[in-house]
Protein chains: 2
Amino acid sequence: MTATEDRRSARADTLVDPAPEQARARVAEGIEAGAMITVFGRCTVEYDGRASSTLGPGDRHVMLKPDGSILVHTDEGQQPVNWQPPGCTQEAELDDGALRIRSRRSTPEERLDVRFERVTQVSAFVVDDGSELAISGTEEDLRERILDDPELLEVGFTPLATERQTTAGAIDIYGEDRSSRTVAVELKRKRVGPDAVGQLGRYVDALQRDLHDDAEIRGLLVAPSVTDRARELLERNGLEFVSLTPEPSE
Amino acid sequence: MTATEDRRSARADTLVDPAPEQARARVAEGIEAGAMITVFGRCTVEYDGRASSTLGPGDRHVMLKPDGSILVHTDEGQQPVNWQPPGCTQEAELDDGALRIRSRRSTPEERLDVRFERVTQVSAFVVDDGSELAISGTEEDLRERILDDPELLEVGFTPLATERQTTAGAIDIYGEDRSSRTVAVELKRKRVGPDAVGQLGRYVDALQRDLHDDAEIRGLLVAPSVTDRARELLERNGLEFVSLTPEPSE
DNA sequence: ATCTTGATGTCGAAA
DNA sequence: TTTCGACGTCAAGAT
């Protein structure tokens, strides 16, 4: 690849302190070209849809992505203060001499308007991203770890199915213990509270009903740890707990 | 305010296609100065902490905020592909001639490394954001609506307390019906699934135990609507449902 | 399309 | 600090 091609693949077209019409044109071009666009400046924001919100004047960073999403970030917080999900239609226009960026979607009907009192910078980036994220340490990893070595749960445990359906939803691992008693296993990748115990209880109850069988069904919660209240609920409901992390500890 | 002061309040210091050392210096200055920093370029990302991930080479947008959070965005998705929450310590350094941005925190121990093969643009923004976000359409709105007019739930309903504590957590609204039977009300601002029914059931059970009383306690779920499975669970557990939205419909 | 559940969920409040 | 529930949760998979 030549240096020229190399630069073209990720060029930045940037305007500093542009006039409103300049800024509007650059944003509109970027939307048209499928670029990733950033606008920094003093603005107000209005949102209306699943909820409603207004945000008075302040300096914010606005990002428009080619997939139709838009993010408004202030100087604090990991989360955007306002946003729209992918699939929205974006427009840049002049509103009484000021840059306004609008995003809309339907189902549900939602609208986001960002009006700039002043634009400090506008950039448009052409993006070339081939790679996908590879992640580990998930609930799926925990499941694989157990299926590779079922006796991590207890001696004689035998998995029979994963994602086994019940009328209350799917059981993560369905199996038998050494005495051929049915075991429903609920997996959580990290420390769990009472909600997970409730989930496991519903599965055990549903199995009990579905199987039309008087035999005891065991419910086993597998996670790195549980909260105190979750442990109380486990005992009260006759459910069990095994401590296990998604990946072997060092 | 003069034009000069006006510009100082939101100046952008931007470098286009900087050499790695130039980029490192600008990022380091920005961190020191408490600026909001953006870096666009071709990079790889590694994360290790609550989970682990790796991301191969591609063009991405990286934002560092003065509160210690960092976000890595690709050209698609509302969510960052990698991130760190507020409160992390950030560094910019040269790694074998390339810009590397690192973010760390403890409790839990987490680390994010972004290594740039090429930097297309670096910007540092000094932010002045005065305004706070005002939202409506929340669960709090729903509570106020009911307390203003309790008979929206049913004729003769009387609220006695909000956030009443039980051993299973706090009940949104605790009250009595026209026959002086105790009523536990659980509020949800939007359509609910089985999890909310489980929550309400736990509260009613806890109340039954806490009150040492044989009188029937009613459990009332208030939301715009419920899923089919949630309705089944309601009936099975002898719980009730009233349809109500956080704001009066038009 | 709706429904269900996981997530490096994040965020805020209370104990 | 831990625990708990809300969130315009988001995102992915199943129906």
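As the structure is a prediction and not an experimental result, all values here were calculated from the model. Every chain is numbered from 1, with letters handed out A, B, ... down the list of sequences.
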If I pick the C1' atom on dC7(D) and the same atom on dA7(C), what distance separates them, to the nearest angstrom?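 Looking at atom C1' only, dA7(C) and dC7(D) are 14 Å apart.
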Please report the distance separating the P of dG8(D) from the corresponding atom of dC4(D), rounded so that it comes out in whole Å.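 Nearest-Å result for dG8(D) against dC4(D) at atom P: 23 Å.
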Check the distance between [N]'s [atom2] and [X]'s [atom1] and give it to me in whole angstrom.
X: E140(A); N: dA7(C); atom1: CD; atom2: P; value: 10 Å
X: E110(A); N: dC7(D); atom1: CD; atom2: P; value: 15 Å
X: K188(A); N: dG6(C); atom1: NZ; atom2: C1'; value: 7 Å
X: Q165(B); N: dT3(D); atom1: CD; atom2: P; value: 16 Å
X: N82(A); N: dG8(D); atom1: CG; atom2: P; value: 10 Å
X: I173(A); N: dG6(C); atom1: CD1; atom2: C1'; value: 16 Å
X: R164(B); N: dA14(C); atom1: CZ; atom2: P; value: 18 Å
X: E247(A); N: dT8(C); atom1: CD; atom2: P; value: 12 Å

What contact category does [X] fall into here, base, sugar-phosphate, or nothing, at under 4.0 angstrom with non-hydrogen atoms?
X: R191(A); result: sugar-phosphate
X: G77(A); result: sugar-phosphate
X: P85(A); result: base
X: Q84(B); result: nothing
X: E186(A); result: sugar-phosphate
X: S53(A); result: nothing
X: P86(B); result: sugar-phosphate
X: T138(A); result: sugar-phosphate

Between [X] and [Y] (salt bridge meaning N to carboxylate O under 4.0 Å), is one present in this structure?
X: E76(B); Y: K65(A); answer: no
X: R143(A); Y: E163(A); answer: yes
X: R189(A); Y: E139(A); answer: no
X: R145(A); Y: E247(A); answer: no
X: K188(A); Y: E186(A); answer: yes

Compare side-chain N and O positions of [X] against OP1 and OP2 of [N] and report whether any pair is under 4.0 Å apart.
X: K190(B); N: dA6(D); answer: no
X: R50(B); N: dT10(C); answer: yes
X: Q199(A); N: dG6(C); answer: yes
X: Y203(A); N: dT5(C); answer: yes
X: W83(A); N: dC10(D); answer: yes
X: T227(B); N: dT4(C); answer: yes
X: R229(B); N: dT4(C); answer: yes

Residue pair E176(B), V183(B): steps toward the side chain to side chain contact (heavy atoms under 4.5 Å, CB included) verdict: CA-CA 5 Å; E176(B) 280 182 1; V183(B) 183; 5.8 Å; no
For D228(A) and for Y47(A), locate the closest nucleotide of DNA chain D by heavy-atom distance; then report the residue assigned to the nucleotide nearer the 5' terminus.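 Its nearest nucleotide being more 5', the pick is D228(A).
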Tell me which of G193(A) and Q78(B) sits closer to the 5' end of DNA chain D, going by the nucleotide each one is nearest to.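 It is G193(A), whose closest nucleotide lies nearer the 5' terminus.
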Which nucleotide in the set dT8(C), dG8(D), dT3(D) lies at the smallest distance from any side-chain heavy atom of R189(A)?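 Selected nucleotide: dT8(C).
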Residue whose closest nucleotide on DNA chain C lies nearer the 5' end, I135(A) versus T107(A):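 With I135(A) and T107(A) compared, the 5'-side residue is T107(A).
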DNA chain C: S136(A) or G169(A), which has the more 5' nearest nucleotide?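 Looking at DNA chain C, the more 5' nearest nucleotide goes with G169(A).
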Indicate whether any N or O donor in one side chain lies under 3.5 Å from an N or O acceptor in the other, for S53(B) and N82(B).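 Side chains of S53(B) and N82(B): pair found under 3.5 Å.
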